[in-house]
Amino acid sequence: MENHLFIYNTLSRKKEAFKPLNPPFVGLYVCGPTLYSDVHIGNCRTFTSFDIIYRYLLHLGYKVRYVRNITDVGHLEDEVAGVGEDRIGKQARLKKLEPMEIVQRYAFGFREVMSLLNLLPPSIEPTASGHIPEQIEMTQKIIEQGFAYVKEGNVYFDVEKFAKANNYGILSGRALDDQLNNTRELEGQEEKKGRLDFALWKKAKPEHLMRWNSPWGEGFPGWHIECSAMSQKYLGETFDIHGGGMDLIPTHHTNEIAQSMGCCGAAPVRYWVHTNMLTLNGQKMSRSLGNVFLPVELFTGMKLAADSPSATPSQAKLDGKHPLFEKAYNPMVVRFFMMQTHYASTLDFSNEALQAAEKGFFRLMESYKTLEKLQASATSSANIKKIEEDCYAAMNDDFNTSILLAHLFECARIINSANDKKEALTQTDIELLKKIYRHFIIDVLGLKREEESGKSAGALNSVMHLLLDIRNKAKENKDYATSDQIRDHLAKSGIQVKDSKEGASWSIN
RNA sequence: GGUCCUGUGGCCGAGUGGCUAGGCUCAGCUCUGCAAAAGCUGCUACAGCGGUUCGAAUCCGCUCGGGACCUCCA
């Protein structure tokens, strides 16, 4: 199939035609979580956005190597100033656990949430702690190239020296002078030559738990070097797409570029893709602001108990209704909710918006069921081929899921109308619709149908068949008391009865 | 303070210089024993003020409002 995928590149601030370096292979790197606490739903939005990008690239036939790192070395609370406690070490001390136990717990929870949201696992999930030698080696190369200096067991990147021959602010669009003049005066910076310099390696204080040997003494790597080292190891010195939240642009990703250029002289990434933030009452959800809630709370509508041993959905202890949520929201509803907005726009969380998404999602998925029992006609009254083209056009335009959904709802309308005999579809068009739904709803958007599992589904089906049969007989006898009793009771149990000329059907809401 | 983004109908949310995005809500209609579901119809908006243009929500300027980054953060 012809593919005219365009991707918005932060580097050029334009949509660019996507041309992989070595087709059909595509290298994709996304900055993953730091495991000193549970991921919040804002983090999930970014990973979900990249899941769709990953899925669409796969759908187009690319052989994608998707690398998403796990940051599990103890970075400091104030990375720039080099002060504060190691975040993971702090949690370990507070909970009286080994740092790696902290990491393990949060990694487990993270993967469970990703799985509930139906994210495909990346090809490689490298940990920073598992790549200390690579980070040391890269740091050494940067020193050899003259872009880093050693000071009392610390290694710093020399930003001003680098900026003489390179555009340090190429990604953020910020001028070096502005950054030098507008950076806040910070404590504990006296070791650095320049105020923008950042650590490649930090000397560990005696109380620091996570530490490794290095040519510069015992210490731990700086925050940015792991992504440079690991992306280079698995994807090469230059690779196709690097993604992350847009809050990473000015510091983390800017420094990644500087490190890689300082090490090898080559720009590491061809397409930089950044997702926008999830907001709550218009304000960015972030750990530091404290306005976060957890996936398990959203999925259950309950509040995590203060003494819960974990926020991992399968292990969390819950305690009463969550003040923010009017109800529980299925992970697929949350996923659908996120897709209604383009990844580069902010997305504001609210019960109203989520409930609107829930209704839309159910309607779309119901139409999928209807599609499967649709009767073919001799002719078609709709142009399905055109809709399929529109779906590809939407995704090719920088992964515009919002537009894609508009086209899918057009399919839903046609399917429902055909079911009411107000539109006609040939068998060929029905098959094409099935293909569109499978490709875009299931494969690309990654929405799961809530199939009732195994045995109980069969039993329920059988019972429902019987009940609707009894109700139908009652209706034929004009015994509406009985028929309404069945319908109303089922409604209370969350099962909706839907009458039509062909008979009654049902769905669980 | 600096840099940048943004302001769309009751709500959420796309968007190209000229042609109905879509979802949800609400009202009416069709269908129906009643309802639900489904379909149809309607509510047709682009913060304000100027400017460019035959024509602007879409380009430019100013004003007002919201936000992000500059410090860890997806």
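Below, chains carry the letters A, B, ... as their sequence lines are ordered, and counting in each starts from 1.
- Checked by atom type and distance alone, the side chain of N276(A) never pairs as donor or acceptor with a backbone atom of Y343(A) at under 3.5 Å.
- The pair D499(A)-K475(A) meets the salt-bridge criterion, since a charged nitrogen lies less than 4.0 angstrom from a carboxylate oxygen.
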Nucleotides 33-43 of chain B: protein proximity per nucleotide (B base, S sugar-phosphate only, - neither; heavy atom, under 4.0 Å): BBBBSBSS---

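- With both ends at atom P, the span from rC72(B) to rC19(B) equals 47 Å, rounded to whole Å.
- Distances shorter than 4.0 Å separate none of the side-chain N or O atoms of S49(A) from OP1 or OP2 on rA74(B).
- Checked against side chain to side chain contact (heavy atoms under 4.5 Å, CB included), Q485(A) has no partners two or more places apart in sequence or in another chain.
- Between the NE2 atom of H274(A) and the C1' atom of rA68(B) there is a distance of 14 Å, given to the nearest Å.
- To the nearest angstrom, C1' of rA14(B) lies 14 Å from CG of L408(A).
- For the pair G282(A) and Q355(A), nearest-nucleotide mapping onto RNA chain B gives the more 5' position to Q355(A).
- Residue L289(A) contributes atom CG, which lies 16 Å from atom P of rU71(B) at whole-angstrom precision.
- Under the ring-ring contact (aromatic ring centres under 6.0 Å, His included) criterion, Y368(A) pairs with Y437(A), sequence neighbours left out.
- Rounded to a whole angstrom, the distance from the P atom of rA45(B) to that of rC11(B) is 14 Å.
- Separating the P atom of rG1(B) from that of rC12(B) is a span of 29 Å, rounded to the nearest Å.
- Residues passing the side chain to side chain contact (heavy atoms under 4.5 Å, CB included) test with N400(A) are H342(A), S402(A), I403(A), sequence neighbours excluded.
- Pair check for rC29(B) finds rG39(B); Watson-Crick or G-U wobble, both atom distances under 3.5 Å.
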Could you run down the sub-3.5 Å N/O contacts of the protein with nucleotides 10-12 of chain B?
residue : atom : partner : partner atom : Å
rC11(B) : O2'  : E352(A) : OE1          : 3.4

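- Taking atom C1' on both nucleotides, rU58(B) is separated from rA21(B) by 15 Å, rounded to a whole Å.
- Taking 4.0 Å as the cut-off between side-chain N and carboxylate O, K327(A) and E358(A) count as a salt-bridged pair.
- rC4(B) and rG18(B): their C1' atoms are spaced 31 Å apart (whole Å).
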Between protein and nucleic acid, restricted to nucleotides 1-5 of chain B and to nitrogen or oxygen atoms under 3.5 Å apart, what atom pairs and distances do you find?
residue : atom : partner : partner atom : Å
rG2(B)  : O2'  : N182(A) : ND2          : 3.1

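- At the phosphate of rG67(B), neither OP1 nor OP2 sits under 4.0 Å from any side-chain N or O atom of K284(A).
- Applying the ring-ring contact (aromatic ring centres under 6.0 Å, His included) test to Y54(A) and every residue at least two apart in sequence or in another chain returns Y66(A).
- With sequence neighbours left out, the side chain to side chain donor-acceptor pair (under 3.5 Å) criterion links D348(A) to T279(A).
- Taking atom C1' in both rC5(B) and rC43(B), the straight-line distance is 32 Å, to the nearest Å.
- Between M339(A) atom CE and rA14(B) atom P the separation is 14 Å, expressed in whole Å.
- Among residues two or more places apart in sequence or in another chain, the ring-ring contact (aromatic ring centres under 6.0 Å, His included) test is passed with F361(A) by F336(A).
- Nucleotides rG50(B) and rC24(B), compared at atom C1', are 37 Å apart to the nearest Å.
- The aromatic rings of W272(A) and H274(A) lie parallel to each other, their planes meeting at an angle below 30°, with 60° marking the opposite boundary.
- Residue R287(A) places at least one side-chain N or O under 4.0 Å from the OP1 or OP2 atom of rA74(B).
- Rounded to a whole angstrom, the distance from the C1' atom of rG65(B) to that of rU53(B) is 29 Å.
- Pairs passing the salt bridge (charged side-chain N to carboxylate O under 4.0 Å, His left out) check and including a residue from residues 6-16 of chain A, sequence neighbours excluded, read K15(A)-D397(A).
- For K359(A) and rG22(B), the NZ to C1' distance is 17 Å, given to the nearest whole Å.
- The residue among A406(A) and H342(A) whose nearest nucleotide of RNA chain B is located toward the 5' end is H342(A).
- Atom CZ in F336(A) sits about 14 Å away from atom P in rG13(B), given to the nearest Å.
- Atom CE in M338(A) sits roughly 17 Å away from atom C1' in rG23(B) (whole-Å rounding).
- Under the Watson-Crick and G-U wobble criteria, each requiring two contacts below 3.5 Å, nucleotide rG50(B) is paired to rC60(B).
- Pair assignment for rG22(B): rC12(B), on the basis of Watson-Crick or G-U wobble contacts that are both within less than 3.5 Å.
- K284(A) is linked by a side chain to side chain contact (heavy atoms under 4.5 Å, CB included) to D247(A), M277(A), S286(A), counting only residues two or more places apart in sequence or in another chain.
- Closest contact between the side chain of S288(A) and the listed nucleotides rA21(B), rC72(B), rG23(B) involves rC72(B).
- Put simply, CG on D51(A) is 18 Å from P on rA74(B), counting in whole angstrom units.
- Residues forming a side chain to side chain donor-acceptor pair (under 3.5 Å) with S115(A) (at least two apart in sequence, or on another chain): none.
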